[in-house]
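A short write-up of the structure that comes next.
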Amino acid sequence: MTRTFYEFFAGGGMARAGLGDGWKCLFANDFDRKKATTYTRNWGSGQMLCDDVRNLVADDLPGPADLAWASFPCQDLSLAGGGAGLKGERSGTFWPFWRLVRTLIDEGRPPPIIALENVCGALTSHGGSDFNALCAAMAEAGYRYGALIVDAAHFVPQSRPRLVLLAVRRDISIGKGLSAPTPAPPFHSKALRSAVAKLPNELADGWIWWSLDPPQPRNLGLADVIEDHPPDVSWHAPDQTAKLLSMMSDLNLDKVRAARSQGRKVVGTIYKRTRRDAAGRKVQRAEARFDDIAGCLRTPVGGSSRQLVIVVNRTRVRSRLISSRETARLMGLPDDYILPQNYNEAYHLTGDGVVVPVVRFLADRLLEPILDDPALRPPHAA
C-alpha cells in the first residue's frame, strides 16, 4: 500500500526521507528558494512549489492525502526567540497553513492525520495560550490530538528534543495499543503533562496520550559521524585552539583534562555562548561536552551558533567548525543526500530540519498502524 502526504515547510525534504519509499509525496512547499532548490535536486521536480504559504490555495494541492506534515517555523516559539509566538511573522505562518487544511475539509478531502513538529517552547509560549490555540484549531476542525516530546538523541548523536503534535480525524478509530489512559515516559515529559493539565475541559476531551514503546538503544556515536578530512572546513591552527581553551571556565577545562586522561581519541563539541563573569560582565565562553552527543544544531545566525568539533587524543587537542556533512549525518541524512555547496546554506538547511529517524519511528509506530487499520475507511478510499 502506498500512502500519500503533503509536506509543508519542507526544507530539504527530511520528513519525506523519514517517511520513506512506502509514501508518495503529492505536494511540497517552502518559501526559501535555496532550500527548494536542494529539495528538487534530491527528490526531483513536480512536487515542490516554492512560494510563501500565505499565497497557496487548495487548488495547488492535488488529490486527497493521508497525511499533512508541517514543521512550521519555530523562531517565535523558541526560548531564544523574541516571544511573539503564533502571532509572530515566522511561527504565525501556522495560520495560513491551517487555512488550507480547513479548505480541504470543506471540500470533502480532510487528511486523516495531521502532524505538527516544532520546538518544546511551543508548550509554554505566551503562558501556554499558543499550545491551547493549536489544540483548539484541531478540535474545531474535527480532530482528536496528542503530543510527544521526542529527543533525536534516541536515534542519532544529537541532543534535539522536539514537540510532535499528531491529530487524527474523529471518525477514525485509534487501534488497540496506540493510546493509553495516562502519560508515560520517555515521550510525555513533565512540561507536556503540565501543558495538558492546563487545557480547558472542552480541549482536554479531545486529548490522546499516544502509547509508544521506547526505541532500541542508539548504536551510533558522535565519533562515528566525524570526518578526519572534511572538504569544507579546516582544522584550526594551534593558536586558535589555544584561544578556545582560554575561553573555557574551570568546569569546561576540567572536561578537557578528563578527556586527555582517557589515553585515547575522544570527540566532543563546543558552543560559544555569552555568559556573565563573577563581576557580572558579559563575556564569551566556550562550553564543551564529551558525552558522545552533539549539541542541538541551530541555524548559523552569527558565529556563536555554529557548533565546533574538539578532538582530544592524549596531549593533543584539535578543533574546527563542524562540517556540513557532519551536520547532515546528525540529522540522519544519508551520505548520498546532496547538500548545498555553500557551507552556511548547508548548515541552515540541516539546522532547520526534522531528524529523519524520528519521522521513520513515528511513521512505523503510529502513522502507518493508524492508516493500515482495516476499520479505516477515509472518504477518498471508496
Side-chain angles (χ1 to χ4, degrees), residues 1-30 35-36 38-49 53 61-72 97 100-101 104 109-118 143 145-148 150-152 154-156 158 160 162-169 172 174-175 178 187 210 212 215-216 328-338 349-350 352-373 376 378 380-381:
M1 176 189 297
T2 299
R3 307 162 189 90
T4 57
F5 70 100
Y6 304 134
E7 188 176 12
F8 290 91
F9 312 101
M14 295 180 205
R16 181 170 181 166
L19 289 172
D21 294 338
W23 292 75
K24 179 181 179 181
C25 180
L26 300 181
F27 175 84
N29 168 251
D30 201 284
K35 291 180 181 177
T38 300
Y39 189 102
T40 301
R41 291 182 69 192
N42 283 279
W43 304 109
S45 59
Q47 292 88 44
M48 170 56 70
L49 175 59
V53 68
L61 309 179
D66 295 310
L67 167 70
W69 182 285
S71 294
F72 65 101
F97 156 73
L100 285 169
V101 172
L104 292 174
R109 47 186 182 127
I113 304 175
I114 298 169
L116 305 179
E117 184 260 351
N118 213 284
Y143 286 79
Y145 38 85
L148 307 111
V150 186
D151 192 341
H154 288 297
F155 309 94
V156 294
Q158 180 194 178
R160 192 182 185 86
R162 287 295 185 267
L163 171 73
V164 182
L165 187 59
L166 292 179
V168 178
R169 282 201 333 251
I172 296 173
I174 305 299
L178 298 182
F187 302 116
W210 296 114
L212 294 87
Q216 294 296 314
R329 291 172 178 173
L330 288 173
M331 296 301 292
L333 288 166
D335 281 355
D336 60 359
Y337 183 90
I338 304 170
L349 180 89
T350 55
D352 256 356
V354 57
V355 174
V356 173
V358 169
V359 180
R360 174 83 312 262
F361 177 75
L362 295 174
D364 180 64
R365 302 295 182 90
L366 285 177
L367 306 180
E368 292 166 4
I370 292 171
L371 292 172
D372 291 348
D373 191 319
L376 173 61
H380 60 274

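Because the structure is predicted, anything quoted here is derived from the model rather than measured. Start at 1 with the first residue, then count along the sequence.
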Step by step, would you call Leu116 with Asn118 a side chain to side chain contact (heavy atoms under 4.5 Å, CB included)? CA-CA 7 Å; Leu116 305 179; Asn118 213 284; over 6 Å; no
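- Nearest approach of Gly332 to Pro357, heavy atoms of both residues: CA-CD, 3.8 Å.
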Working note: Leu330 + Thr350, criterion side chain to side chain contact (heavy atoms under 4.5 Å, CB included); need CA distance, chi angles, decisive distance, verdict. CA-CA 9 Å; Leu330 288 173; Thr350 55; over 6 Å; no
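- The shortest side-chain heavy-atom distance between Ser45 and Thr40 falls under the 4.5 Å cut-off.
- Residues Ala70 and Phe97 come closest through the heavy atom pair CB-CZ, 3.7 Å.
- Side-chain N or O atoms of Asn29 include none that pairs as donor or acceptor with a backbone N or O of Phe9 at under 3.5 Å.
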Under 3.5 Å, side-chain donor or acceptor atoms of residues 15-24 against the rest of the protein: list the pairs with distances, not counting sequence neighbours.
{"from": "Arg16", "atom 1": "NH1", "to": "Tyr39", "atom 2": "OH", "distance (Å)": "3.1"}
{"from": "Arg16", "atom 1": "NH1", "to": "Gln47", "atom 2": "OE1", "distance (Å)": "3.2"}
{"from": "Trp23", "atom 1": "NE1", "to": "Glu368", "atom 2": "OE2", "distance (Å)": "2.9"}

Apply salt bridge (Lys or Arg N to Asp or Glu O under 4.0 Å) to Asp151 and Arg160, showing your working. CA-CA 5 Å; Asp151 192 341; Arg160 192 182 185 86; over 6 Å; no
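- For the atom pair CG (Leu362) and CZ (Phe187), the distance works out to 8.0 Å, reported to the nearest 0.5 Å.
- Note: Met14 CE to Ser71 OG = 9.5 Å, rounded to the nearest 0.5 Å.
- Contact detail for Pro215 and His154: the closest heavy-atom pair is CG-CB, 3.7 Å.
- Side-chain N or O atoms of Arg162 include none that pairs as donor or acceptor with a backbone N or O of Glu117 at under 3.5 Å.
- Judged purely by atom type and a 3.5 angstrom limit, Asn42 has no side-chain atom pairing as donor or acceptor with the backbone of Tyr337.
- Between the side chain of Trp210 and the backbone N or O of Gly146 there is at least one donor-acceptor pair closer than 3.5 Å.
- Shortest non-hydrogen contact noted between Val358 and Ala152 is CG2-CA, 4.1 Å.
- At least one side-chain heavy atom of Leu366 sits under 4.5 Å from a side-chain heavy atom of Leu212.
- A pairwise comparison of heavy atoms in Met48 and Ala10 identifies CE-CB, 4.1 Å as the closest pair.
- Put simply, the side chain of Trp43 never gets that close to the backbone of Cys25: no donor and acceptor are under 3.5 Å apart.
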Intermediate values then yes/no, side chain to side chain contact (heavy atoms under 4.5 Å, CB included), Ile370 and Leu178: CA-CA 8 Å; Ile370 292 171; Leu178 298 182; 3.7 Å; yes
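- Although no hydrogens or angles enter the test, the distance criterion places a donor-acceptor pair under 3.5 Å between the side chain of Thr4 and the main chain of Asp66.
- Contact of the Trp69 side chain with the Val359 side chain is registered, since non-hydrogen atoms from C-beta on lie closer than 4.5 Å.
- For the pair Val156 and Arg329, the minimum side-chain heavy-atom distance is 4.5 Å or more.
- Rounded to the nearest 0.5 Å, atoms CG (Leu148) and CG (Leu163) are 8.5 Å apart.
- For the atom pair Asp364 CG and Phe361 CZ, the distance stands at 8.0 Å (nearest 0.5 Å).
- Once rounded to the nearest 0.5 Å, the distance linking CE of Met331 with CG of Asp352 reads 9.0 Å.
- Taken from CZ in Arg360 to CG in Leu367, the straight-line distance is 8.5 Å, to the nearest 0.5 Å.
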Kindly indicate, with the supporting measurements, whether the criterion side chain to side chain contact (heavy atoms under 4.5 Å, CB included) is fulfilled by Phe155 and Val356. CA-CA 9 Å; Phe155 309 94; Val356 173; over 6 Å; no
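- Looking at Leu371 and Pro112, their side chains come closer than 4.5 Å, going by heavy atoms from C-beta outward.
- Annotation: side chain to side chain donor-acceptor pair (under 3.5 Å) contacts of Thr38 (sequence neighbours excluded): none.
- Considering every non-hydrogen atom in both Pro64 and Leu26, the closest pair reads O-CD1, 3.3 Å.
- The aromatic rings of Phe27 and Tyr6 lie perpendicular to each other, with more than 60° between the two planes, well past the 30° mark.
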